[in-house]
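Step one of this worksheet: look at the structure below.
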Amino acid sequence: MVFSRGFSRISSRILRKSSLFGCPSFIPPPAHFLSNQTSSLSDSTPKVFGCRETYLWSSHAFYGGRHLSYHQSSSIIEEELDPFSLVADELSLVANRLRSMVVAEVPKLASAAEYFFKMGVEGKRFRPTVLLLMATALNVHIPNPPPVGEGDTLTTELRTRQQSIAEITEMIHVASLLHDDVLDDADTRRGIGSLNFVMGNKLAVLAGDFLLSRACVALASLKNTEVVSLLATVVEHLVTGETMQMSTTSEQRCSMEYYMQKSYYKTASLISNSCKAIALLAGQTAEVAMLAFEYGRNLVRKFLM
Ligand code: FPP
Ligand code: MG
(Lines give C-alpha, C1' and ligand atoms only; values in the text may rest on other atoms or scores of the structure.)
(Ligands and ions follow the chains in the order given, each with its own letter.)
Protein backbone atom coordinates (compact mmCIF):
# COMPACT_ATOMS: atom_id res chain seq x y z
CA MET A 1 0.00 0.00 0.00
CA VAL A 2 1.02 3.57 -0.60
CA PHE A 3 1.89 4.32 3.02
CA SER A 4 3.22 0.95 4.01
CA ARG A 5 6.83 2.09 4.20
CA GLY A 6 8.07 4.30 6.99
CA PHE A 7 5.73 2.99 9.62
CA SER A 8 6.92 1.27 12.71
CA ARG A 9 5.36 -0.91 15.31
CA ILE A 10 3.03 0.67 17.78
CA SER A 11 3.12 -0.40 21.40
CA SER A 12 0.57 -2.83 22.71
CA ARG A 13 -0.20 -0.24 25.37
CA ILE A 14 -1.51 2.09 22.71
CA LEU A 15 -3.51 -0.70 21.17
CA ARG A 16 -5.21 -1.27 24.50
CA LYS A 17 -5.80 2.42 25.14
CA SER A 18 -7.55 3.50 21.99
CA SER A 19 -9.79 1.92 19.49
CA LEU A 20 -10.71 2.96 15.98
CA PHE A 21 -13.67 0.91 14.83
CA GLY A 22 -12.62 -1.08 17.90
CA CYS A 23 -9.23 -1.29 16.21
CA PRO A 24 -5.68 -0.07 16.68
CA SER A 25 -4.54 3.50 16.79
CA PHE A 26 -2.75 5.31 14.00
CA ILE A 27 -1.05 8.52 13.11
CA PRO A 28 -1.24 10.11 9.68
CA PRO A 29 2.05 10.86 7.96
CA PRO A 30 3.54 14.34 7.83
CA ALA A 31 3.33 16.07 4.47
CA HIS A 32 7.02 15.89 3.68
CA PHE A 33 6.81 12.11 4.07
CA LEU A 34 3.80 12.01 1.78
CA SER A 35 5.68 13.78 -0.95
CA ASN A 36 9.00 12.01 -0.35
CA GLN A 37 7.95 8.48 0.24
CA THR A 38 10.51 6.64 -1.79
CA SER A 39 13.53 8.24 -0.22
CA SER A 40 12.30 8.70 3.35
CA LEU A 41 10.23 5.67 3.98
CA SER A 42 12.25 2.82 2.74
CA ASP A 43 13.81 1.71 6.01
CA SER A 44 10.93 0.03 7.77
CA THR A 45 8.15 -2.35 6.97
CA PRO A 46 4.67 -2.83 8.43
CA LYS A 47 4.43 -5.18 11.36
CA VAL A 48 1.39 -7.28 12.09
CA PHE A 49 -0.44 -7.28 15.39
CA GLY A 50 -2.70 -10.29 15.57
CA CYS A 51 -4.74 -10.19 12.42
CA ARG A 52 -4.57 -6.44 11.92
CA GLU A 53 -1.77 -4.22 10.78
CA THR A 54 -1.02 -1.09 12.71
CA TYR A 55 1.18 1.74 11.59
CA LEU A 56 2.84 4.67 13.19
CA TRP A 57 4.83 7.32 11.44
CA SER A 58 8.28 7.63 12.89
CA SER A 59 8.63 11.34 12.39
CA HIS A 60 10.12 13.87 14.75
CA ALA A 61 7.94 16.51 13.16
CA PHE A 62 4.94 14.66 14.46
CA TYR A 63 6.17 13.32 17.75
CA GLY A 64 7.69 16.57 18.91
CA GLY A 65 9.81 15.74 21.93
CA ARG A 66 8.32 12.37 22.65
CA HIS A 67 10.41 9.49 23.75
CA LEU A 68 11.25 6.79 21.26
CA SER A 69 12.74 3.51 22.45
CA TYR A 70 15.05 1.62 20.11
CA HIS A 71 14.73 -2.08 20.77
CA GLN A 72 17.09 -4.86 19.81
CA SER A 73 14.92 -5.84 16.87
CA SER A 74 15.67 -2.30 15.63
CA SER A 75 11.98 -1.40 15.49
CA ILE A 76 11.05 1.87 17.14
CA ILE A 77 8.49 1.64 19.90
CA GLU A 78 6.58 4.75 20.87
CA GLU A 79 5.82 4.44 24.55
CA GLU A 80 3.42 7.25 25.31
CA LEU A 81 1.60 8.18 22.16
CA ASP A 82 -2.17 8.21 22.22
CA PRO A 83 -3.56 9.76 19.03
CA PHE A 84 -6.79 10.79 20.71
CA SER A 85 -5.01 12.74 23.42
CA LEU A 86 -2.98 14.61 20.79
CA VAL A 87 -6.17 16.31 19.63
CA ALA A 88 -8.29 15.98 22.78
CA ASP A 89 -8.74 19.73 23.31
CA GLU A 90 -9.65 20.28 19.71
CA LEU A 91 -12.07 17.37 19.78
CA SER A 92 -14.03 19.00 22.58
CA LEU A 93 -13.98 22.27 20.68
CA VAL A 94 -15.39 20.47 17.65
CA ALA A 95 -17.97 18.69 19.83
CA ASN A 96 -19.15 21.99 21.33
CA ARG A 97 -19.34 23.63 17.95
CA LEU A 98 -21.30 20.67 16.61
CA ARG A 99 -23.84 21.02 19.41
CA SER A 100 -24.40 24.64 18.46
CA MET A 101 -24.57 23.82 14.74
CA VAL A 102 -27.41 21.34 15.11
CA VAL A 103 -29.76 23.56 17.10
CA ALA A 104 -33.19 23.60 15.42
CA GLU A 105 -36.13 25.95 15.71
CA VAL A 106 -38.84 23.36 16.33
CA PRO A 107 -38.40 21.63 19.73
CA LYS A 108 -39.10 18.09 18.46
CA LEU A 109 -36.61 18.46 15.64
CA ALA A 110 -34.14 20.11 18.02
CA SER A 111 -34.10 17.14 20.38
CA ALA A 112 -33.91 14.68 17.48
CA ALA A 113 -31.04 16.53 15.78
CA GLU A 114 -28.93 16.87 18.92
CA TYR A 115 -29.55 13.26 19.98
CA PHE A 116 -26.12 11.86 19.05
CA PHE A 117 -24.18 15.03 19.74
CA LYS A 118 -24.95 15.06 23.46
CA MET A 119 -22.06 14.40 25.80
CA GLY A 120 -21.42 10.72 26.30
CA VAL A 121 -23.07 9.53 23.08
CA GLU A 122 -20.70 11.10 20.59
CA GLY A 123 -19.18 7.74 19.71
CA LYS A 124 -15.48 7.07 19.17
CA ARG A 125 -14.98 10.25 17.11
CA PHE A 126 -12.77 8.29 14.78
CA ARG A 127 -13.32 10.58 11.81
CA PRO A 128 -12.68 13.94 13.51
CA THR A 129 -9.59 12.45 15.16
CA VAL A 130 -8.14 11.23 11.86
CA LEU A 131 -8.91 14.54 10.19
CA LEU A 132 -7.39 16.71 12.90
CA LEU A 133 -4.27 14.56 12.94
CA MET A 134 -4.11 14.74 9.17
CA ALA A 135 -4.35 18.54 9.46
CA THR A 136 -1.47 18.55 11.97
CA ALA A 137 0.63 16.42 9.65
CA LEU A 138 -0.09 18.41 6.50
CA ASN A 139 0.18 21.86 8.03
CA VAL A 140 3.81 21.20 8.97
CA HIS A 141 4.97 21.75 5.41
CA ILE A 142 2.65 24.12 3.63
CA PRO A 143 3.82 25.02 0.12
CA ASN A 144 4.44 28.78 -0.32
CA PRO A 145 4.12 29.74 3.37
CA PRO A 146 2.92 33.31 4.11
CA PRO A 147 5.44 36.04 5.01
CA VAL A 148 6.60 36.21 8.63
CA GLY A 149 4.06 38.10 10.77
CA GLU A 150 1.01 37.04 8.77
CA GLY A 151 1.73 33.40 9.50
CA ASP A 152 -0.03 33.01 12.84
CA THR A 153 -3.39 34.40 11.76
CA LEU A 154 -3.35 32.36 8.58
CA THR A 155 -2.42 29.19 10.45
CA THR A 156 -5.28 29.70 12.91
CA GLU A 157 -7.67 30.43 10.07
CA LEU A 158 -6.58 27.31 8.21
CA ARG A 159 -6.94 25.15 11.30
CA THR A 160 -10.47 26.49 11.90
CA ARG A 161 -11.40 25.63 8.32
CA GLN A 162 -9.99 22.15 8.76
CA GLN A 163 -11.92 21.75 12.02
CA SER A 164 -14.96 22.69 10.01
CA ILE A 165 -14.27 19.70 7.71
CA ALA A 166 -14.17 17.49 10.83
CA GLU A 167 -17.56 18.90 11.90
CA ILE A 168 -19.14 18.52 8.47
CA THR A 169 -17.82 14.97 8.20
CA GLU A 170 -19.26 14.08 11.58
CA MET A 171 -22.66 15.58 10.67
CA ILE A 172 -22.78 13.62 7.41
CA HIS A 173 -21.77 10.48 9.28
CA VAL A 174 -24.45 10.86 11.96
CA ALA A 175 -27.08 11.74 9.32
CA SER A 176 -26.23 8.51 7.50
CA LEU A 177 -26.52 6.51 10.72
CA LEU A 178 -29.94 7.97 11.48
CA HIS A 179 -31.15 6.89 8.05
CA ASP A 180 -29.39 3.58 8.29
CA ASP A 181 -31.11 2.75 11.57
CA VAL A 182 -34.47 3.40 9.95
CA LEU A 183 -33.59 1.13 7.03
CA ASP A 184 -32.26 -1.56 9.37
CA ASP A 185 -35.10 -1.11 11.84
CA ALA A 186 -32.44 -0.87 14.55
CA ASP A 187 -33.38 -0.40 18.17
CA THR A 188 -30.01 0.61 19.61
CA ARG A 189 -27.09 2.80 18.58
CA ARG A 190 -24.06 3.81 20.62
CA GLY A 191 -25.39 1.98 23.64
CA ILE A 192 -28.71 3.84 23.80
CA GLY A 193 -32.02 3.54 21.99
CA SER A 194 -31.68 4.45 18.31
CA LEU A 195 -33.48 7.63 17.32
CA ASN A 196 -36.01 5.79 15.18
CA PHE A 197 -36.78 3.53 18.13
CA VAL A 198 -37.12 6.41 20.59
CA MET A 199 -38.81 9.06 18.43
CA GLY A 200 -40.06 7.13 15.41
CA ASN A 201 -38.96 6.65 11.80
CA LYS A 202 -40.38 9.91 10.49
CA LEU A 203 -38.54 12.12 12.91
CA ALA A 204 -35.34 10.10 12.50
CA VAL A 205 -35.43 10.62 8.72
CA LEU A 206 -36.16 14.31 9.12
CA ALA A 207 -33.38 14.71 11.69
CA GLY A 208 -30.96 13.06 9.23
CA ASP A 209 -32.07 15.47 6.51
CA PHE A 210 -31.68 18.37 8.88
CA LEU A 211 -28.12 17.39 9.81
CA LEU A 212 -27.29 17.01 6.15
CA SER A 213 -28.63 20.47 5.39
CA ARG A 214 -26.62 22.00 8.24
CA ALA A 215 -23.55 20.22 6.88
CA CYS A 216 -24.26 21.76 3.46
CA VAL A 217 -24.49 25.26 4.94
CA ALA A 218 -21.18 24.80 6.75
CA LEU A 219 -19.61 23.41 3.58
CA ALA A 220 -20.81 26.34 1.49
CA SER A 221 -19.31 28.78 3.99
CA LEU A 222 -15.84 27.38 3.22
CA LYS A 223 -16.20 28.84 -0.28
CA ASN A 224 -14.10 26.13 -1.88
CA THR A 225 -15.90 24.50 -4.78
CA GLU A 226 -13.52 21.55 -5.01
CA VAL A 227 -14.11 20.71 -1.35
CA VAL A 228 -17.88 21.15 -1.78
CA SER A 229 -17.78 18.80 -4.74
CA LEU A 230 -15.80 16.18 -2.81
CA LEU A 231 -18.24 16.06 0.08
CA ALA A 232 -21.32 16.19 -2.13
CA THR A 233 -19.92 13.16 -3.93
CA VAL A 234 -19.50 11.44 -0.57
CA VAL A 235 -23.24 11.75 0.09
CA GLU A 236 -23.92 10.24 -3.32
CA HIS A 237 -21.53 7.40 -2.45
CA LEU A 238 -23.22 6.74 0.89
CA VAL A 239 -26.57 6.35 -0.81
CA THR A 240 -25.04 4.22 -3.59
CA GLY A 241 -23.28 1.94 -1.10
CA GLU A 242 -26.36 1.47 1.01
CA THR A 243 -28.41 0.67 -2.10
CA MET A 244 -25.78 -1.76 -3.36
CA GLN A 245 -25.94 -3.52 -0.01
CA MET A 246 -29.69 -3.85 0.02
CA SER A 247 -29.94 -5.04 -3.56
CA THR A 248 -27.11 -7.57 -3.68
CA THR A 249 -27.66 -10.67 -5.79
CA SER A 250 -26.33 -14.02 -4.57
CA GLU A 251 -23.57 -13.82 -7.18
CA GLN A 252 -22.52 -10.36 -6.02
CA ARG A 253 -22.51 -11.62 -2.44
CA CYS A 254 -19.62 -13.92 -3.39
CA SER A 255 -17.67 -11.19 -5.19
CA MET A 256 -14.77 -9.60 -3.31
CA GLU A 257 -14.71 -6.80 -5.87
CA TYR A 258 -18.37 -5.99 -5.25
CA TYR A 259 -17.81 -6.07 -1.49
CA MET A 260 -14.83 -3.70 -1.70
CA GLN A 261 -16.68 -1.32 -4.00
CA LYS A 262 -19.76 -1.29 -1.79
CA SER A 263 -17.56 -0.77 1.28
CA TYR A 264 -15.69 2.09 -0.36
CA TYR A 265 -18.98 3.85 -1.07
CA LYS A 266 -20.53 3.10 2.29
CA THR A 267 -17.56 3.61 4.58
CA ALA A 268 -14.26 4.68 3.03
CA SER A 269 -15.41 7.46 0.73
CA LEU A 270 -16.31 9.78 3.61
CA ILE A 271 -12.97 9.59 5.42
CA SER A 272 -10.81 9.50 2.30
CA ASN A 273 -12.48 12.47 0.64
CA SER A 274 -12.45 14.38 3.91
CA CYS A 275 -8.71 13.70 4.27
CA LYS A 276 -8.29 15.06 0.76
CA ALA A 277 -10.34 18.14 1.67
CA ILE A 278 -8.01 18.77 4.63
CA ALA A 279 -5.04 18.67 2.25
CA LEU A 280 -6.68 20.94 -0.31
CA LEU A 281 -7.53 23.54 2.32
CA ALA A 282 -3.88 23.46 3.40
CA GLY A 283 -2.90 24.37 -0.17
CA GLN A 284 -1.10 21.08 -0.67
CA THR A 285 -0.31 19.85 -4.17
CA ALA A 286 -2.68 17.56 -6.05
CA GLU A 287 -0.21 14.74 -5.42
CA VAL A 288 -0.26 15.19 -1.64
CA ALA A 289 -4.05 15.61 -1.69
CA MET A 290 -4.30 12.30 -3.53
CA LEU A 291 -2.00 10.62 -1.01
CA ALA A 292 -4.14 11.98 1.83
CA PHE A 293 -7.15 10.46 0.06
CA GLU A 294 -5.33 7.12 -0.28
CA TYR A 295 -4.41 7.22 3.37
CA GLY A 296 -8.09 7.49 4.38
CA ARG A 297 -9.09 4.80 1.90
CA ASN A 298 -6.41 2.36 3.00
CA LEU A 299 -7.11 3.01 6.64
CA VAL A 300 -10.62 1.68 6.13
CA ARG A 301 -9.47 -1.14 3.82
CA LYS A 302 -7.31 -2.48 6.63
CA PHE A 303 -10.41 -3.01 8.72
CA LEU A 304 -12.37 -4.66 5.95
CA MET A 305 -10.00 -7.38 4.86
C1 FPP B 1 -23.96 1.79 8.68
O2 FPP B 1 -24.07 0.54 8.10
C3 FPP B 1 -24.35 2.81 7.64
C4 FPP B 1 -23.52 3.54 6.87
C5 FPP B 1 -22.05 3.48 7.03
C6 FPP B 1 -24.01 4.46 5.79
C7 FPP B 1 -25.51 4.45 5.56
C8 FPP B 1 -25.91 5.34 4.42
C9 FPP B 1 -27.19 5.66 4.13
C10 FPP B 1 -28.33 5.16 4.93
C11 FPP B 1 -27.47 6.55 2.96
C12 FPP B 1 -28.03 7.87 3.39
C13 FPP B 1 -26.93 8.84 3.65
C14 FPP B 1 -27.07 10.10 4.16
C15 FPP B 1 -25.89 10.98 4.26
C16 FPP B 1 -28.36 10.65 4.65
P17 FPP B 1 -24.33 -0.81 8.88
O18 FPP B 1 -25.79 -1.03 9.01
O19 FPP B 1 -23.58 -1.85 8.13
O20 FPP B 1 -23.62 -0.60 10.28
P21 FPP B 1 -24.23 -0.41 11.72
O22 FPP B 1 -24.04 -1.73 12.39
O23 FPP B 1 -23.42 0.67 12.33
O24 FPP B 1 -25.67 -0.07 11.59
MG1 MG C 1 -27.15 -0.56 10.36
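These values consider heavy atoms only, across backbone and side chains, with no hydrogens, waters or symmetry-generated copies. Both counts, for ligands and for their atoms, begin at 1 and track the order of listing. Computed from a predicted model, the values in this text were never measured in an experiment.
Neighbours of the Mg ion (ligand 2) restricted to protein N, O or S atoms under 2.8 Å: the count is 2.
Counting the atoms of ligand 1 from 1 in the order shown, those under 4.0 Å from a heavy atom of R189 are 21 (P), 23 (O), 24 (O). Interface of L212 with ligand 1, defined as ligand atoms under 4.0 Å from a residue heavy atom, comprises 15 (C), 16 (C).
Residue D184 touches ligand 1 through its side chain alone, judged by heavy-atom distances below 4.0 Å.
Remark: M119 CE is loosely packed, at most 12 non-hydrogen atoms of other residues, nucleotides or ligands lying under 6.0 Å away. Other residues, nucleotides and ligands place no more than 12 heavy atoms under 6.0 Å from the CZ atom of F197.
Taking atom 16 (C) of ligand 1 as the reference point, the nearest protein heavy-atom neighbour is H179 ND1, 3.2 Å. Looking only at protein heavy atoms, the nearest one to atom 7 (C) of ligand 1 is E242 OE1, 3.3 Å. Counting only heavy atoms of the protein, atom 6 (C) of ligand 1 lies nearest to S176 OG, 3.8 Å. Scanning the protein heavy atoms around atom 12 (C) of ligand 1, the nearest turns out to be V239 CG2, 4.0 Å. Among protein heavy atoms, atom 4 (C) of ligand 1 sits closest to K266 CE, 3.6 Å. Of the protein's heavy atoms, D180 OD2, 4.2 Å lies nearest to atom 20 (O) of ligand 1.
Side-chain atoms of R214 never come within 3.5 Å of backbone atoms of D209 as a donor-acceptor pair (strictly under, hydrogens ignored). At least one donor-acceptor pair under 3.5 Å links the side chain of D82 to the backbone N or O of F84.
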Tell me, with the steps shown, if L203 and L195 meet side-chain contact (heavy atoms from CB on, under 4.5 Å). CA-CA 8 Å; L203 211 57; L195 190 63; 6.0 Å; no

Begin from the C-alpha positions of L280 and L230 and carry the test side-chain contact (heavy atoms from CB on, under 4.5 Å) through to its verdict. CA-CA 11 Å; L280 291 177; L230 285 179; 3.8 Å; yes

Please step through side-chain contact (heavy atoms from CB on, under 4.5 Å) for the pair N196 and V205, ending with a clear verdict. CA-CA 8 Å; N196 54 303; V205 170; over 6 Å; no

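Checking atom 22 (O) of ligand 1 against the protein gives no heavy-atom contact under 4.0 Å.
The side-chain contact (heavy atoms from CB on, under 4.5 Å) with E242 is formed by just one residue from the set K262, H237, K266; it is K266.
The ring-ring contact (aromatic ring centres under 6.0 Å, His included) test applied to H179 returns no partner, not counting sequence neighbours.
Considering all non-hydrogen atoms of both residues, L109 and A207 come closest at CD1-CA, 4.0 Å.
Taking OH of Y265 as the reference point, atom CD of Q245 lies at 14.5 Å (rounded to 0.5 Å).
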